[in-house]
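Atoms within a ligand are numbered from 1 in the order they appear, just like the ligands themselves.
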Amino acid sequence: MAVKMALVTGAGGFIGHHLVKYLLKRGYGVRGVDIKRPEFGESPAHEFIVLDLRFDDACRAAAKGVDEVYHLAADMGGIGYITSSHAGIALNNTMINVHMLEAARQAKVSRFLFSSSACIYPQCLQDKPDVAPLHENAAWPAQPEEGYGLEKLFMEKLCQYFSEDWGFLTRAVRFHNVYGPFGTYDGGREKAPAAICRKIARCSEGGVIEIWGDGRQTRSFMYVDDCVEGIFRIMQSDYGAPLNLGTDELVTIDQLVDIVAETAGKPIVKRHDLSRPQGVRGRNSDNTRLRQVLGWEPKISLRQGITPTYEWVQQRVLGEGVRTTLIAAK
Ligand SMILES: NC(=O)c1ccc[n+]([C@@H]2O[C@H](COP(=O)([O-])OP(=O)(O)OC[C@H]3O[C@@H](n4cnc5c(N)ncnc54)[C@H](O)[C@@H]3O)[C@@H](O)[C@H]2O)c1
């Protein structure tokens, strides 16, 4: 039997890196594409091409000869980044998504998966910490996160139209806060779990770490191994409408900090900074439909997933210490 070829866009990024490894284990031929080479070591993909997917000729080159497209490339980051860059994010992601979807259709790929986000859900449904989990049907009438969320919602619709009007098989997956090793942990685009791991790894015992907001805002977090398993299962399913992919283990940001500090074995003092963006007040995934469609849902607890994540970030932070010492010794 011929080997199936998968294209992973955003393969130089966090989830893309893990998805490439997952698909290789499943026996796929994998082409990874990104605007930059992976930040943390070489990509294991059979072929890795640096392309700027905002442009249609790049998207056509990326899609040539592949069977399935896992489209993860996006201009994105944590809450600080996505609330401070609406124009750039909306422009870049519109260009990437529209061109990649059409290039995949022209190349006659058999399936196309779009990585959407919980940021598409109405902000008015996320105004308290003990929030009701977000069911897929709650997306409309819409009031998404400005810029990033609005563009994701439009792209979900575009996938639906391509499917209804032109019979092109699409999937739209709404990720809820993914974390794990190989994620950006510094520089302004990092998300809460990685940022907290970094702050605690850099902090001395009993030291103070800064938390954005009052710490009582809530989220659910999904370990990246569950994320790539879910992506693959959804792609292979016969379900084309948008689907949540997340856990429904709701925690406050303070509880997340406590779990990381316990994992690190390091007592710390929290200082809350109310001037920093904290996003919606509460957000959780309703997995009812995911369970119905797949008979499966993410199952790695936050405590389990934080252990390898913290260890990885700590190794990087220790490496920084070594580099600083070497530079100082020169
Ligand atoms: N990580 C999460 O918690 C989360 C939550 C919801 C949705 N998502 C979505 O999942 C996908 C993957 O997220 P991630 O966490 O791996 O992010 P990431 O930033 O690590 O990966 C995205 C990759 O896209 C690449 N990219 C950006 N612009 C590009 C361009 N013009 N051409 C080619 N590549 C380009 C980036 O270089 C990056 O490597 C994104 O679409 C994101 O919006 C992620």
- Task: Check whether the ring centres of Trp166 and Tyr161 lie less than 6.0 Å apart, and answer yes or no.
- Result: no

- Atom NZ of Lys64: over 12 foreign heavy atoms under 6.0 Å: no

- Query: Can you find an N or O of Phe14 that's nearer than 3.5 Å to an N or O of ligand 1?
  - Reply: yes

- Identify which of Met76, His17, Met95 has a heavy atom lying nearest to atom 44 (C) of ligand 1. Met76

- Task: Could you tell me the residue and atom name of the protein heavy atom closest to atom 40 (C) of ligand 1, and the distance to it rounded to 0.1 Å?
- Result: Leu72 O, 3.1 Å

- Query: If you measure from atom 24 (O) of ligand 1 to every heavy atom of Gly13, Ser115, Ala74, Ser116, which option wins on shortest distance?
  - Reply: Ala74

- Item | Nearest-neighbour protein heavy atom for atom 39 (O) of ligand 1, which is reported as residue plus atom name and distance | Asp34 OD2, 2.7 Å

- What do you reckon, does Lys152 put a non-hydrogen atom under 4.0 Å from ligand 1? yes

- Message: For ligand 1 and Leu53, I'd like to know whether there is a polar contact (N/O to N/O, distance under 3.5 Å).
- Response: yes

- Taking only non-hydrogen atoms of Phe175 and a 4.0 Å limit, the atoms of ligand 1 in range are 5 (C), 6 (C), 7 (C), 8 (N), 9 (C), 10 (O), 44 (C)

- Task: Would you check whether Ala118 has a nitrogen or oxygen atom less than 3.5 angstrom from a nitrogen or oxygen atom of ligand 1?
- Result: no

- Message: Aromatic contact between His18 and Phe14, with the criterion being ring centroids under 6.0 Å apart: yes or no?
- Response: yes

- So, Glu311 versus Gln315: side-chain donor-acceptor pair below 3.5 Å or not? no

- Query: Heavy-atom contacts under 4.0 Å between Ile96 and ligand 1: side chain, backbone, both, or neither?
  - Reply: side chain

- Message: Applying a strict under-4.5 Å side-chain criterion to I, L, V, M, F, W and Y, I'd like to know whether Leu153 and Ile89 cluster together.
- Response: no

- Task: Verify the distance criterion only: is there a donor paired with an acceptor across the side chains of Tyr28 and Asp67 at less than 3.5 Å?
- Result: no

- Backbone or side-chain N or O of Asp52 under 3.5 Å from ligand 1 N or O: yes

- Hey, are Glu102 and Gln106 close enough side-chain-wise for a donor-acceptor pair under 3.5 Å? yes

- Atoms in ligand 1 with a heavy atom of Leu51 nearer than 4.0 Å: 32 (N), 33 (C)

- Over 12 non-hydrogen atoms of neighbours within 6.0 angstrom of CZ in Arg111: yes

- Could you tell me which atoms of ligand 1, counted from 1 in the order shown, lie closer than 4.0 angstrom to a heavy atom of Arg54? 31 (N)

- Does Thr9 have a non-hydrogen atom less than 4.0 Å from ligand 1? no

- Message: Can a side-chain donor-acceptor contact be found between Asn93 and Arg54 if the only test is distance below 3.5 angstrom?
- Response: no

- Query: Centroid-to-centroid, Phe55 to His99, below 6.0 Å?
  - Reply: no

- Six-ring centre of Tyr185, Arg198 cation under 6.0 angstrom, axis tolerance 45°: no

- Message: Using a 4.0 Å heavy-atom cut-off, which part of Tyr148 comes near ligand 1: side chain, backbone, both, or neither?
- Response: side chain

- How about Gln314 and Trp312: does a side-chain donor come under 3.5 Å of a side-chain acceptor? no

- Message: Residue-level breakdown please: for Ile35 versus ligand 1, do any non-hydrogen atoms fall below 4.0 Å on the side chain, on the backbone, on both, or on neither?
- Response: both

- Note on the structure: Here the atoms of ligand 1 under 4.0 Å from any heavy atom belonging to Ala73 are 24 (O), 34 (N), 35 (C)

- Item | For atom 3 (O) of ligand 1, closest protein heavy-atom neighbour | Val178 N, 2.7 Å

- Note on the structure: In ligand 1, the atoms that come under 4.0 Å of a heavy atom of Gly12 are 39 (O)

- Please confirm whether the backbone N or O of Leu250 pairs with a side-chain atom of Arg219, one donor and one acceptor, at under 3.5 Å? no

- Task: Identify, for atom 16 (O) of ligand 1, the protein heavy atom at the shortest distance, and state residue, atom and that distance.
- Result: Ile15 N, 2.8 Å

- Query: Looking only at non-hydrogen atoms, which of Lys191, His18, His71 approaches atom 5 (C) of ligand 1 most closely?
  - Reply: Lys191

